[in-house]
Structure formats: structure tokens, C-alpha cells
Amino acid sequence: MFRPFRSEVESAMTGCLEALDLPTGDLGIEEPPEDLDATLASSVAFRLASELGAAPPQVAQQLADAVDTDPYDYLDAVSTQGPYLNFHTSDAYQTETLEAAQESDYGQLEDRGESVVVEHTSANPTGPVHVGRARNPILGDAVANAMEMAGYDVERHYYVNDAGRQMAVFTWAYEKFDESDLDSEPARDRTEYDLVRYYRKGNSYLETADESAVEAAEAEIASILQGLEAGDEETYERVGEVVDQVLGGMKECLARLPAEFDEFVKETRFMVDGSTDELAERLKETEYAVYEEDAWQLELDEYGIDKNLVFLRSDETSLYTTRDLAHHEWKFDNFDRAVTVLGEDHKLQAEQLQATLDILGNDPERLDDVIYSYVNLPEGKMSTRRGTGVMLDDLLDEAIDRAREEVETRLDDRIRDDELDDDDIERIAHQVGIGAVRYDIVSKQPTKGITFRWDEALDFEAQSAPYVQYVHARCCGILEEADTEPTATEFDADVLSTPEERDLLAVVARFPAVIEEAGEDLEPHRIATYTRELAESFNGFYRSCPVLTAEDADTRQARLALVAAAKHTVANALSVLGVAAPDSM
RNA sequence: GGGCACGUAGCUCAGUCCGGAGAGAGCGUCGGACUUCUAAUCCGACGGUCGUGGGUUCGAAUCCCAUCGUGCCCGCCA
């Protein structure tokens, strides 16, 4: 009910200011400090003080007196404290929040009737997913989830770069070398770990072999690229054999997170259907196009980009961005909006794409980018080609092992007599281990750099996933013990009167607004911050408010409803983050 | 050299978009709380020139300018 309450406050303030013939452009509405019992506040009195020739506290009082709360359901009263106006909620606010949160989909906002394609990960199919890349699926999945919960109609796409130079090199190397040429065993028994050895071998060969050998190899690589450009069937099959195998392995790895996709869109698709050629022709016709140094380029100075964008090589083949432009026009044809999650190293390319889409007559406002910084090792960047980096599979394995150890050591001094069996332990180890990895990454602002350190990545201490997951397990424990989940008619929210109960309910009430903000601003880390506040409030409530042994039946019933509300809220918040919500821990 | 990001407690981070109520957490350190619905919990203490210097403002971690440090980018690679 926070969102409707906010609307009421805005409406009440606007009405009040209009009645006094004051400007309504800035209502100064903000969230008050935590130790106040007001739900919203306004600092507008500061700005109106000079205009009214009175000190801010007097202005605040004058405004508070003028506000009419009668027409509103959730706005109960306005008070002042110095220069601030404080807005207080009604009993109906509590009651209806508690009722709304009994629904297991609490936080799911109304359908906006707007479709959006969220493209994320899109890692080149060159080898195993390493931790440097892993921020993308974890962030991307959360962005998609947040938008979905905020009411958008979301599709998740993985754009497969199967037509670039890297894949041509890979295909050439895969065909040229034999197992006996390779100098190591696969690090893991899965296709991408096997095949990446050819890719690395090929790259080191190109760096170290003698000139004529490199020349011959480059000729073969160029012929593969040209074969793709010309739509040659056999070339597609050769490249496809490598791409599909490697991608298949990468999908298995990503599924462990899990990060799932509605569609894998191959870039060769936009070569085969002629849209890349057609697009290049259209670009040539624009006033931005120049033919320099035997290649077609686009001058983007007007867009503040001083680097020319080459869109056709001198041999007439297309480049990644050319194909990606066709890809994005396809997105615009099929979706209302497009969101792309990509590393900061692709930022310039994203700006060029944005500018060029505009030149081609598209509305660039329909495309948003979510940019994140790479996860680096203390000693530098991770690289598939060079074989440096921590593999996501290894990180997940370690995290699960660490979580399993934790569960087992806690087994002995466990109070609850629910007899965890081996399957439970394994389940909890997976939920907590993988959850901790995801939470650690998704809870930080994407623009902040992360340096990967094993001890930090495997730190399950507070302010991490298990802290929040534990709240869910506690809720489940209570509700299971009570042997009933209350329905919306069987409780009275008014009996929830302790500070801890009111605080928890107040936090629960804000959840839909947090979803709205995270979904609209593409900032899922806000949900992680919120889960921490929610968990803190719940633990405070848990400490001081017995539920099953409450002093009377009404209190017990209302607290059970509050526990169910907290459970749905924490479960749905974790679900947006892609973190499992364990029933027991 | 140019462009873009980041810089908040010893460490890891919220807060910055949209300026407002003594700058908040966690880890670590120190001290407390389990005959209790799960102690992966809770309570308390210690700890901060919000990189630095200017400016705007009644008010700046937040906006502007400058500066330093770190990262990323500046390929007919992706």
C-alpha cells in the first residue's frame, strides 16, 4: 500500500499548495529517518520560506494545517517537526498491506502491456564461462526478473556471436589440429573444456608460427569469414559444428546458476536473411557515410563520438556491429523495448550502435544498456584465449562444498528436531552455496569494479545470501509448526502494535515500490539492499514477538499472517535476485 | 593524450540519478544473550578529513569546476 499512500501524499500536498496559490513543481517528498514513525515526509517548507516571508518551521505548520486528509484512505495525519512535514498512515494501510501480502505473488505489479527483450550474457562461444563473464548472466537474469515483476512482458535472449573472426579462428584451429597437438588434458569433462584447447592452440600458433605459416592460416580464416558472408552452406556447417558444441557446454554451466533463456539468437541469422546487407546499403546512402581507406565508415562526430565506425571491411564483409545493427532493428520490430546487459569494455560500441540506430531512423530511446565492470583477478584480467581465470564451474563447486561443510558442522548443535537427511543437506548446500555467489555479485552496483578473491567469494557471513535465506527458513518453520497459513479474512492487523511488528509490516509494505524502482531503473541491487532491511526487521520481530505461543489467539493469528507476509516478500525478493529460498536450513 | 566509469570506517559495501532531519550496514576487534517458534540469530562498544581543493545553495557524500589515484575504451577484433 506504499505506492497508493505515496500517491495520496502527492495529491494532498499538491492540493494544499494550490489552495495557498503556491508552486507545485517540487513537493519535496522523501523518506524520513528510520527512527521516526512517519512513512513519508516533505522538506518543501525550506523552499517556500523566502516566498512566504516566514521561517521554514512556521511554513511547515501552515502547510500541515492546510492539508485535508479526509478524502484519503491511507493518509491519516500530517504532523510537523521543525521545518519538516511528516505523513502518517492509517489503520487501513496496515490492514490492507497485511492482506495483500498474504498472496504468494505479492510484489507482482500490474501488467504494463509493454514487451521487452532483455539480452544478456551473449558470451562468445569460445570456451568455459569464467568468473569475469559471470557477472553478466547473474546481473542480466536479475534485471529480467525485476522487470517481469514490475509488470513488463519479458523475453530473455542470448545473442550468439557465431560469425566473427574469433569463430573463424576457432573453426580453422579445430580442423587443423589433432588431440596429439594439444599440450594439456581438458580441465573438466565437458565439451567446452575440451574444445577450448583448440582455440588456445590456434591463437598461440598465430602468435608464434613463422610468417608463411601464419599467412596460410590467415588465408583460411579469411575464406571462412567470406564463406559466411556469401551464405555458403558448407562454411555454415563447419562453423556451426564448433559453435553448437561449445555453446552446448556453456549452457550447461549457466543452467547451474540457473540462467535460462527463451531464445538463442545467432548473428548469422541476420546475414542469411539479407538484413545485414540491406542495412549496409542503407548506411551507405546516409550523409554520415564515407568511403575511406578502402572501407565504408560512418562519421559520428555529431553524436560526440570522434571514432569512425567501420561497417564494411575493404573485402566487403560485415563487422560485428553491422550485424548487431540488423539484430537491433529486428528487436525493434518484435518488441516495444530492448535492454542489453554488457561489460564496460563494450561501452563505445554500444554508443556507436545507439547513434547509428538513430541515423537509420529508429527511436534510440527504446534501447537501454546496463553496463557493468569486469570481475578481475588481483593479478589482472581473466581471458579465455590465454587460459587465465577462475571458472564459474569451479567457483560454484567450491561454494557448494563450503556450504555443505557449514550445514554439517551446524548439524550437531541444532535445536530443531526435523532430522535433515542427506538429500536435505545436499539441497541446502546448493541453495546456500550458489545463492551466496549470486547474491554477492548482484548486491553491488554494477559499475563498481570487483576484484575476485576466493575468501571473499566464499564468505557466508552476514549481509550475504544465507542471512536472508535464513529468514525464509524461519518463516517456513513457524508456519509449518502452526500447521496453517492464515487466509486474508482470519486476522486483525490492528492487534499488531509493538514497534517490531509495525516496523516489519512497514518494510513489507514498501516491497512493491522497491520492485517498481528496480524494474524501471534496471537496478536489481536495490532489491538486495531491501532484502537486508527486511531480514533485519524480521529478526527483530522474531526476537521479541513469540508467534506460536503468543499471549492470545488474536495476536497469534495476526502474527502468523505477518510471518506469511514476510515469507512471501522475502521469497519473491530472493526470486528476483535468482537466489533460492530454502524451506529449512 | 582523449573519452567513460569508480574513490564513503582497517576491509567489503549501501546512500549519489531526484541536495535536506546527528553519514548507515556487515566483516574484523572487544564485551554480552541459547531450559525459548532454527544462535547461519540478536544486543552493546570501538571505528569516518564521504580522495583532495574550490564553487553554487538557507543546506552538499549527493549538483558544478579543477585536481589526484584506480579501472575500462580509443582495431577493417568481438
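Residue numbers begin at 1 in each chain, while the letters A, B, ... track the order of the sequences.
Residues meeting the ring-ring contact (aromatic ring centres under 6.0 Å, His included) test with Y159(A), sequence neighbours left out: H327(A). Checked against ring-ring contact (aromatic ring centres under 6.0 Å, His included), H157(A) has the following partners two or more places apart in sequence or in another chain: W330(A), F335(A). Taking the ring-ring contact (aromatic ring centres under 6.0 Å, His included) definition, one finds that F452(A) meets it with W454(A), sequence neighbours left out.
Shown for residues 340-351 of chain A: residues whose heavy atoms fall under 4.0 angstrom of RNA chain B, namely E344(A), D345(A), H346(A), K347(A), L348(A). Using a 4.0 Å cut-off on heavy atoms, the residues of residues 302-312 of chain A that approach RNA chain B are K307(A), V310(A), listed by number.
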>> Across nucleotides 39-45 of chain B, 5' to 3', mark each nucleotide with B, S or - according to how protein heavy atoms within less than 4.0 Å reach it.
In response: SBSS---
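Taking a pair as Watson-Crick or G-U with both hydrogen-bonding distances under 3.5 Å, the stems of three or more pairs touching RNA chain B are B:1-7 with B:68-74, B:10-13 with B:24-27, B:29-33 with B:41-45, B:51-55 with B:63-67.
Sequence neighbours left out, not one pair with a member in residues 300-309 of chain A passes salt bridge (Lys or Arg N to Asp or Glu O under 4.0 Å). Pairs of residues two or more places apart, or lying in two chains, that qualify as side chain to side chain donor-acceptor pair (under 3.5 Å) and include a residue from residues 426-441 of chain A are D141(A)-R438(A), R404(A)-E426(A), D424(A)-R427(A), R427(A)-Q431(A), R427(A)-S584(A), Y439(A)-T531(A), D440(A)-K444(A).
If you check every strand for non-hydrogen atoms under 4.0 Å, A482(A) touches nothing.
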For residues 34-61 of chain A, which side-chain donor-acceptor pairs fall under 3.5 Å, sequence neighbours excluded?
unit_1, atom_1, unit_2, atom_2, d
S42(A), OG, L27(A), O, 2.7
S42(A), OG, V44(A), N, 3.1
S43(A), OG, E30(A), OE1, 3.1
S43(A), OG, R47(A), NH1, 3.2
R47(A), NE, D26(A), OD2, 3.2
R47(A), NH1, S43(A), O, 3.3
R47(A), NH2, D26(A), OD2, 3.3
Q61(A), OE1, T80(A), OG1, 2.9
Q61(A), NE2, D65(A), OD1, 3.0

Give the table of side-chain donor-acceptor pairs shorter than 3.5 Å for residues 539-551 of chain A, with sequence neighbours excluded, one pair per line with atom names and distance.
unit_1, atom_1, unit_2, atom_2, d
N539(A), OD1, R474(A), NH1, 2.8
N539(A), ND2, A535(A), O, 3.2
S544(A), OG, G540(A), O, 3.2

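Proximity of H525(A) to the phosphate of G15(B): a side-chain N or O atom is located under 4.0 Å from OP1 or OP2.
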Short N/O separations, protein against nucleotides 63-67 of chain B, under 3.5 angstrom:
none

